[in-house]
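Reviewing the structure listed below.
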Amino acid sequence: MISFQLKELEAIQKQVEASLRRTQLLHIGQIPAVATYTGSPAMNLAFGVHQSLWASQPGCGLKACEYLGKNIGWVTDHFRQQTDCLDDQERDNQHSFDSINSDAPRCEDLSTMMADTRPQDTIHNFMYTDPVTAAEATMPLQALIAAFSTDDAAPLAISNDWAKVSTRLSSIMDQLDAAGRQLSATTVGTSFDMAREAIDSVVRTGRIVAVNAQIMSATVAQFPTIRTANLAALHAIEASTATITDPAAKLAAEQSAVATFVSTQWHPSLELVRPPIMNLGVPIVGHTGGGVLTTSTVGQGSTVTPISQITGLTTTVASTATHAFGQAADAAAGAAGGGRSP
């Protein structure tokens, strides 16, 4: 049995086409490459990876939008051909009845529906390289302070792009979902069931990508927090060694404090920008939306990876990002000898 209203189908087709156009607009192009973010090799490596996660890796944000666009495009083509065939069928039926009562010719020019196979490509996994902080451990204190003294425009721009994609994708999926619900309410038939299933599949994936994009936005937004917190810790070391008058003793105290700083604060703080997502099309277990992750949240991948806290701190990841760096700064400053001259 098949049941449909042609005008309803045409309206649904227009909704799906509008969703496709809006998805295509998400392909805003790759952001300009930024050679460096700070003078810290480890920070630059971490930020460079995040640039690629947004714009150039096979599983990046822009590629995920392209994947969704291809699938919505396939649904659009399916609807267009289906609507054309049904429209021709209605006209042919009318001509058939006309020819019974008159010499009106029967329409022989019928459309043939040759729908393409649904796109088989997938959203690929992220590739993330852990930054190595060995170089910072041997850098002079003043060189480190200079390395961390920069602006945060580059990571904030990427964070904003992720957030915009998340918001727009959510709206597009709502529009597409409305088309699917309208299709369900106004049609009966196997081909319509297949179309509804395809729309539902795209909507589910699109909403997962939207949520994960928001999480990526929040993750990239941690770069300024990390930079300013670590810069404050370095200034604390500088202040604690300022009263040491012997140059050799001062240098030794600074390097000892820097080594402690790198191992207890700088290296662990980079965990805050480790993506909790391995694939934009896979939901995070225990996450229900928004950009805040806690230690009860687990990452994706073939093996479930806990979202780590900074070593030695007892607060959650979310609070560590904004409040708990002072403890590590005090420890690093204390390693400098408390500012006392030997």
Side-chain angles (χ1 to χ4, degrees), residues 1-5 8-27 57-86 113-126 162 165-216 277-290 299-302:
M1 176 181 176
I2 183 171
S3 173
F4 64 91
Q5 292 289 332
E8 288 284 353
L9 282 180
E10 290 171 346
I12 294 168
Q13 178 185 331
K14 290 179 180 179
Q15 282 185 276
V16 176
E17 289 174 345
S19 298
L20 175 61
R21 288 192 296 271
R22 294 177 64 195
T23 305
Q24 290 170 337
L25 290 176
L26 294 176
H27 299 182
Q57 285 194 20
C60 70
L62 294 183
K63 292 291 185 182
C65 292
E66 182 180 339
Y67 165 85
L68 291 170
K70 287 180 180 178
N71 278 270
I72 298 174
W74 176 80
V75 173
T76 302
D77 289 341
H78 177 88
F79 260 116
R80 185 180 300 115
Q81 292 192 52
Q82 189 175 36
T83 303
D84 288 346
C85 283
L86 292 173
M113 185 170 178
M114 299 289 291
D116 292 332
T117 304
R118 184 172 179 177
Q120 297 300 307
D121 48 345
T122 60
I123 299 177
H124 295 276
N125 288 343
F126 280 169
W162 278 116
V165 161
S166 176
T167 300
R168 292 172 183 173
L169 264 183
S170 295
S171 176
I172 291 169
M173 293 306 117
D174 287 344
Q175 182 180 34
L176 195 58
D177 184 48
R181 284 187 280 107
Q182 185 178 358
L183 182 65
S184 179
T186 58
T187 62
V188 176
T190 302
S191 62
F192 301 125
D193 292 341
M194 293 175 62
R196 285 197 299 271
E197 290 170 4
I199 290 175
D200 289 345
S201 174
V202 174
V203 169
R204 284 194 300 270
T205 300
R207 284 179 170 160
I208 291 170
V209 172
V211 169
N212 285 341
Q214 187 59 45
I215 295 171
M216 288 302 297
I277 293 164
M278 288 301 295
N279 187 302
L280 286 170
V282 179
I284 293 183
V285 178
H287 190 269
T288 57
Q300 306 166 345
S302 56

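Quick note: numbers below take in every heavy atom, side chains included, and nothing from hydrogens, waters or symmetry partners.
- Nearest heavy-atom pair, V165 versus C65, reported as atom, atom and distance to 0.1 Å: CG1-SG, 3.8 Å.
- Residues L280 and W162 share a closest heavy-atom pair of CD1-CH2, 3.8 Å.
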Step by step, would you call I215 with N212 a side-chain contact (heavy atoms from CB on, under 4.5 Å)?
CA-CA 5 Å; I215 295 171; N212 285 341; 3.9 Å; yes

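- Salt-bridge check for R204 with D200: failed, with every basic side-chain N at 4.0 Å or more from each acidic carboxylate O.
- The two residues F126 and C60 come nearest to each other via the heavy atoms CE2-CA, 4.3 Å.
- Heavy atoms only, all atoms of each residue included: R22 and S171 are closest at NH2-OG, 2.6 Å.
- In this structure, CD on Q57 lies 10.0 Å from CG on N125, to the nearest 0.5 angstrom.
- Rounding to the nearest 0.5 Å places CZ of R168 at 11.5 Å from OG1 of T23.
- Among L68, V203, I172, the single residue meeting the side-chain contact (heavy atoms from CB on, under 4.5 Å) criterion with S19 is I172.
- I277 contributes atom CD1, which lies 4.5 Å from atom CD1 of I284 (distance to the nearest 0.5 angstrom).
- Although no hydrogens or angles enter the test, the distance criterion places a donor-acceptor pair under 3.5 Å between the side chain of T76 and the main chain of I72.
- When all heavy atoms of S166 and A210 are compared, the closest pair comes out as OG-O, 2.6 Å.
- Remark: R207 CZ to L176 CG distance equals 9.0 Å, nearest 0.5 Å.
- The distance from atom CD1 of I199 to atom CE of M173, rounded to the nearest 0.5 Å, is 11.0 Å.
- Interatomic distance, CD1 of I208 versus OG1 of T205, reported as 5.5 Å (0.5 Å rounding).
- Taking all atoms of both residues into account, the shortest heavy-atom contact from I123 to N279 is O-ND2, 2.8 Å.
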